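Here the structure comes first, spelled out in structure tokens, and everything after it is commentary.
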Protein chains: 2
Amino acid sequence: MSKAKYIPCLLSLFRQHGYDGATLAKISEATGLGKASLYHHFPNGKDEMVNTILNSLQVFMEDQILATLAGEGEPLAKFERMCDRLSYVYENGDQPCLFAILLMGSARDTFHDQVKRIFQAWIDAMVGVFQNAGLDQELAKRRAEDAAIAIQGALILTQGLNDPRIFQRVINELPQKLCSALF
Amino acid sequence: MSKAKYIPCLLSLFRQHGYDGATLAKISEATGLGKASLYHHFPNGKDEMVNTILNSLQVFMEDQILATLAGEGEPLAKFERMCDRLSYVYENGDQPCLFAILLMGSARDTFHDQVKRIFQAWIDAMVGVFQNAGLDQELAKRRAEDAAIAIQGALILTQGLNDPRIFQRVINELPQKLCSALF
DNA sequence: GTCTATATTAAGATAGAC
DNA sequence: GTCTATCTTAATATAGAC
């Protein structure tokens, strides 16, 4: 797939400008491709671009995060690995979350199902860690949701106050916090 | 100001569709006013509409939330009042946060400063409660940020999973959680 | 204060040459 | 696979009558 080549650039554009704000003119300039060339690679236009990005992010999460959470190791180490990978994705808080962006705009209806599946898979993987550590199902579910809430909320507040230290603090504290719930 | 009459309808539209998705055609249909009439009330178009909404939300927060946090009473009662008012604003989790929507779209540059001021005033008010209760400044700041993070994150996850119970759980647990940090 | 009609611009999208 | 040129639509915005 030659599409993969353009994913980083497209991800950056959609995160910076949102779905509607990332116009074909901007995409054309950023990728260096004319509009017609963009339609050669992505016949369904922007929807296909975002879909390609979402598939890529889903694979990243499955390979880098969900696999770790489901594998061998201590809960603390798993959550530290998860937070490390999330810091990488969100560039230490400098970048907002594409999922949140898609949920908050006019493209919500188009991409909601896909975003929901990714969120759910992530939370389910965390639930698995908590249940393996002995938490009952309900408590495990709440703790997993709380983790996702902390990440997403930190990203919003970081954007709102223009202060990546908020995201960095939350990410640093999260593994310990999640494991302290285990005792 | 006759503009106030249209705020609920406009707020609903921008929350549902985002800044770009809330087109003048949709606004015209929802308000029952023709496009030209909309420009009579809001000469600067959508920007002025959003600005009017933001001013209204700021006043609501100052009157209903910041005043309570800065007034007399126990911390627990103050936070319970805050969460009650936030549940009202977000309709028990059914509605997303306009601030987050504006931060995540193409209108970020236009409204970021105003959103930042509102966020900062809210957090400062919570910091005041924690400091009055004896927490040192740094810890008070972190706890206040954590409260805002929990609310914003819960709204994102609620949208993503299409499950308002997430917001409701977080809102119900928050006052106790914030006060447990005081002992 | 509201309307109809229209202007203007920019968006997404395509045709067809190279 | 990329381009120039163009099409179509829909967006914001305005003029001017009532």
Side-chain angles (χ1 to χ4, degrees), chain A residues 1-56 98 101-112 114, chain B residues 1-56 98 101-112 114:
Chain A
M1 274 300 191
S2 72
K3 294 203 262 188
K5 178 172 159 191
Y6 301 104
I7 290 178
C9 183
L10 293 174
L11 174 60
S12 172
L13 278 168
F14 284 108
R15 290 211 279 202
Q16 187 173 355
H17 302 289
Y19 182 79
D20 300 285
T23 63
L24 286 177
K26 287 200 184 85
I27 298 170
S28 176
E29 189 191 355
T31 57
L33 291 176
K35 290 183 193 177
S37 300
L38 290 170
Y39 278 94
H40 172 79
H41 293 286
F42 303 93
N44 276 332
K46 278 165 63 167
D47 279 16
E48 187 168 349
M49 296 180 199
V50 171
N51 225 285
T52 304
I53 299 171
L54 286 179
N55 287 335
S56 159
L98 182 68
I101 285 173
L102 295 174
L103 289 173
M104 294 288 149
S106 65
R108 175 161 50 194
D109 290 349
T110 309
F111 301 109
H112 179 262
Q114 206 168 349
Chain B
M1 273 301 190
S2 72
K3 294 204 263 188
K5 178 173 159 189
Y6 301 103
I7 290 178
C9 183
L10 293 173
L11 174 60
S12 172
L13 279 168
F14 284 108
R15 290 210 279 202
Q16 187 173 355
H17 303 288
Y19 182 80
D20 300 285
T23 63
L24 286 177
K26 287 200 184 87
I27 298 170
S28 176
E29 188 190 354
T31 58
L33 291 176
K35 291 181 192 177
S37 300
L38 289 171
Y39 278 94
H40 172 78
H41 293 286
F42 303 93
N44 277 331
K46 278 165 61 168
D47 279 16
E48 188 169 348
M49 296 179 201
V50 170
N51 225 284
T52 304
I53 298 171
L54 286 179
N55 287 335
S56 158
L98 181 68
I101 286 174
L102 295 174
L103 289 173
M104 294 288 148
S106 65
R108 175 161 50 195
D109 290 349
T110 310
F111 301 109
H112 179 263
Q114 206 168 349

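No experiment lies behind these values; they were computed from the predicted model shown. Letters A, B, ... are given to chains in the order of the sequence lines, protein chains preceding strands, and every chain is numbered from 1.
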Would you name the heavy atoms of [X] and [Y] that are closest together and state the gap between them?
X: A:I27; Y: A:A22; value: CD1-O, 3.6 Å
X: B:L10; Y: B:F42; value: CD1-CZ, 3.8 Å
X: B:S28; Y: B:G34; value: OG-CA, 3.7 Å

Measure [atom1]/[X] against [atom2]/[N] and give the value in whole Å, please.
X: B:H17; N: D:dT12; atom1: NE2; atom2: P; result: 12 Å
X: A:K35; N: D:dC3; atom1: NZ; atom2: C1'; result: 13 Å
X: B:L24; N: C:dC3; atom1: CG; atom2: P; result: 14 Å
X: B:N44; N: D:dA13; atom1: CG; atom2: P; result: 8 Å
X: A:F42; N: C:dG12; atom1: CZ; atom2: P; result: 15 Å
X: B:L33; N: D:dA13; atom1: CG; atom2: P; result: 16 Å
X: A:H41; N: D:dT2; atom1: NE2; atom2: C1'; result: 8 Å

Comparing A:Y19 with A:A36, nearest DNA chain C nucleotide closer to 5' gives the residue A:Y19
Kindly say if [X] contacts the phosphate of [N], meaning a side-chain N or O under 4.0 Å from OP1 or OP2.
X: A:Y39; N: C:dT14; answer: no
X: B:H40; N: C:dG1; answer: yes
X: B:S37; N: C:dG1; answer: no

Need one value for A:K46: base, sugar-phosphate or nothing, where a base atom within 4.0 Å counts as base even if backbone is also close, heavy atoms only. sugar-phosphate
Task: B:S12 side-chain N/O to B:P8 backbone N/O, donor-acceptor pair under 3.5 Å - done: no
